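Worksheet: one structure, shown below.
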Amino acid sequence: MLQVAFLRDHKQDVISRLAKRNIDAADDINKAIDLDEDRRTIQTKLDNTKAESNTLSKEIGSLFKAGQVQKANVLKAKTTELKETTKSLEQELNLKVEALNELLYKIPNVPNTIVPSGNTDEDNEETFREGEIPQLYDGALPHWELAKKYDIIDFELGNKITGAGFPVYKGKGARLQRALITYFLDKNTEAGYTEYQVPHLVNEASGFGTGQLPDKEGQMYHVTADNLYLIPTAEVPATNIFRDTLLNESDLPISITGYTPCFRREAGSYGAHVRGLNRLHQFDKVEILRVEHPDNSYKALDGMVEHVKGILNELKLPYRILKLCGGDLGFTSALTYDFEVFSTAQDRWLEISSVSNFETFQANRLKLRFKNSEGKNELCHTLNGSSLALPRVLAGILENYQTEEGIKVPEVLIPYTGFDMIS
RNA sequence: GGAGAAAUGGCAGAGUGGUCGAAUGCACCAGUCUUGAAAACUGGCGAGGGUCACACCUCCGGGGGUUCGAAUCCCUCUUUCUCCGCCA
């Protein structure tokens, strides 16, 4: 969420930049500023009332000690009114705070100035392209056919055990996926990211901290008996490591990576585009996450993009990078680069990574701060990205590396798989 | 799952109704002494809101209550520890 003080000080700028998301936030922002004004007025009144009763209480205390019970009782009577005032002011204050928060939760992050305007994913700006699109043999298959042909992923079995969107990986398919996970984690730790293993279920406070709650609970599986949520991404537990944290400036930057399964309800989407591995209820992902000094976060974002590029270059997959336009930008992000791998057999681009700078948007909600050189507490910037989402990378490999003899294993993965061909 | 104990500043640890935002020790910062360091001594040292700066308000695991007044009493939740049970 944005800070009210920031809205107040940069109102016009915020409104015009939010317009890139095709939203007119002027009303909400004005309301928020007004509510904050009211809130502070009430707060001051409340503080003064409390100060008064504190003073009285102290006097009563010393009168009792001095044995002047009658005088004390006179003062006691006086406090009754103050108590009532306090109570009603508190109620008023709560109403204002709730109304203010409700508004602030609704306002998305302010896009960076370099975010292109646009409405849909068609308006995203391609900034980079690498890798050759392979010429496949006649009769090349989409990955769900390949999965069946070589018996490496069983979608029907998943249907039986759980339901649609929960595939079962078998034999070399399972091994290839595990190889990719290990390979990604190795690349990330080599680049200075510390590997973490985090819980796969989170509590309400964590879901709130990263913004899935209160509005997007439909995205997550909810374990009602214990009021826990299955994570939709490692971002949730990994970012909440830093909830309510005050860091030293010298602790920054923090770079962590972790592998987790991800669970998404993704209700109501079926069809060709979600076939096979394209869209699942459970999938694996390796995530990278950084906590940065505000002065350094965009440099860090570039570094993350370069890092993911390095991995895709090594895998020799054809990919492109898109700078997301305002209309396609995630709610919490200020700037996002998407990576897409070209799936030759499906003849389409598949999103495999999304790298974002959230600036202070998450940190504000998380209360993630550092003590700056002036000794003041300042919000950190948070960033994260996938490196990478497994199913679509797997799909890309199966489809782009297929030959008539079988599916070749990318060279960098052979040490991890122990085989060089799926046939 | 059952029984019991506990949760206080960076850490340790006092505090059971009123000058307690909280003793003391360690750690940390500054200074004195010293060629330098250590030791010793002196001073400072939690967080959030608010203010130009003060004042002032809030915070002793979370939430609620009793009271003129709560770290202290009551209710509730969470977590930790000990013992028993179960278990990869």
Side-chain angles (χ1 to χ4, degrees), chain A residues 1-9 32-101 104 197-209 213-214 222-229 237 240-252 254 260-261 360 362-380:
Chain A
M1 65 199 271
L2 296 166
Q3 298 170 91
V4 193
F6 183 81
L7 294 180
R8 205 169 44 222
D9 298 342
I33 292 171
D34 288 348
L35 279 169
D36 184 54
E37 194 84 45
D38 295 350
R39 197 210 86 216
R40 284 181 299 157
T41 310
I42 296 168
Q43 182 80 59
T44 309
K45 272 194 214 161
L46 178 62
D47 284 359
N48 291 339
T49 312
K50 278 183 174 172
E52 218 176 305
S53 29
N54 285 346
T55 314
L56 277 177
S57 291
K58 271 182 192 155
E59 275 176 47
I60 292 168
S62 45
L63 283 175
F64 270 126
K65 254 191 188 158
Q68 307 197 30
V69 180
Q70 271 198 328
K71 274 192 181 174
N73 283 331
V74 173
L75 290 186
K76 255 186 168 178
K78 270 177 142 181
T79 60
T80 320
E81 197 188 330
L82 285 175
K83 275 181 91 174
E84 273 167 28
T85 312
T86 305
K87 218 169 206 165
S88 71
L89 283 174
E90 272 173 350
Q91 279 170 4
E92 236 181 290
L93 185 70
N94 280 338
L95 288 178
K96 292 289 178 193
V97 169
E98 272 171 38
L100 176 60
N101 282 339
L104 290 177
Q197 288 187 0
V198 292
H200 300 167
L201 282 91
V202 294
N203 58 28
E204 247 178 349
S206 292
F208 180 80
L213 300 175
H222 186 197
V223 181
T224 50
D226 298 288
N227 197 25
L228 297 173
Y229 294 86
N240 274 283
I241 292 172
F242 302 102
R243 174 153 44 88
D244 292 320
T245 301
L246 182 63
L247 298 165
N248 294 314
E249 196 165 8
S250 59
D251 295 331
L252 301 173
I254 294 170
T260 68
T360 60
Q362 287 185 326
N364 187 34
R365 220 189 241 216
L366 291 165
K367 289 202 180 71
L368 165 55
R369 297 158 305 168
F370 70 99
K371 208 167 260 305
N372 69 19
S373 47
E374 286 158 19
K376 293 255 184 198
N377 298 333
E378 201 178 327
L379 291 172
C380 300

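Numbers restart at 1 for each chain; the letters A, B, ... are given by sequence-line order, proteins then strands. Since the model is a prediction, treat every value here as computed from it, not as a measurement.
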Heavy atoms under 4.0 Å, any strand shown: does [X] hit a base, just sugar-phosphate, or nothing?
X      : answer
A/N54  : sugar-phosphate
A/R39  : nothing
A/K367 : nothing
A/I60  : base

Expressed as a whole number of Å, how far does the [atom1] atom of [N] sit from that of [M]?
N     : M     : atom1 : answer
B/A6  : B/C77 : C1'   : 16 Å
B/G36 : B/U24 : C1'   : 33 Å
B/A27 : B/C11 : P     : 16 Å
B/C60 : B/A7  : C1'   : 10 Å
B/G10 : B/G46 : P     : 10 Å
B/U16 : B/C73 : C1'   : 9 Å
B/C26 : B/C83 : C1'   : 33 Å
B/G9  : B/G61 : P     : 8 Å

Mind calculating the distance between [atom1] ([X]) and [atom2] ([N]) to the nearest angstrom?
X      : N     : atom1 : atom2 : result
A/L63  : B/G69 : CG    : C1'   : 13 Å
A/Q70  : B/C68 : CD    : P     : 18 Å
A/N248 : B/G46 : CG    : C1'   : 14 Å
A/D244 : B/U78 : CG    : P     : 19 Å
A/L247 : B/A47 : CG    : P     : 15 Å
A/E90  : B/G63 : CD    : P     : 13 Å
A/L246 : B/G10 : CG    : P     : 10 Å
A/E204 : B/G63 : CD    : C1'   : 14 Å

* Nearest of B/U58, B/U67, B/G18 to any side-chain atom of A/S57? ->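 Nearest to the side chain of A/S57 among the choices is B/G18.
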* **Selection from B/U58, B/C56, B/G69 that lies nearest to any side-chain heavy atom of A/D47** =>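 Minimum distance to the A/D47 side chain belongs to B/C56.
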* Asked: Roughly how far, to the nearest 0.5 Å, is CZ of A/R365 from CG of A/N101?
  ->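 Output value for this atom pair is 9.0 Å.
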* Asked: Considering only heavy atoms from C-beta outward, does the side chain of A/L7 approach that of A/D36 to under 4.5 Å?
  ->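 Contact flag for A/L7/A/D36 side chains = no.
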* State, yes or no, whether a side-chain contact exists between A/K50 and A/E90 at a heavy-atom distance under 4.5 Å. =>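 SC-SC contact between A/K50 and A/E90 confirmed.
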* **Pairing partner (Watson-Crick or G-U wobble, both distances under 3.5 angstrom) of B/A7** =>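 Across any shown strand, B/A7 pairs with B/U78.
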* Asked: So, is A/K371 near the phosphate of B/A47, with a side-chain N or O under 4.0 Å from OP1 or OP2?
  ->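 Yes, within the criterion.
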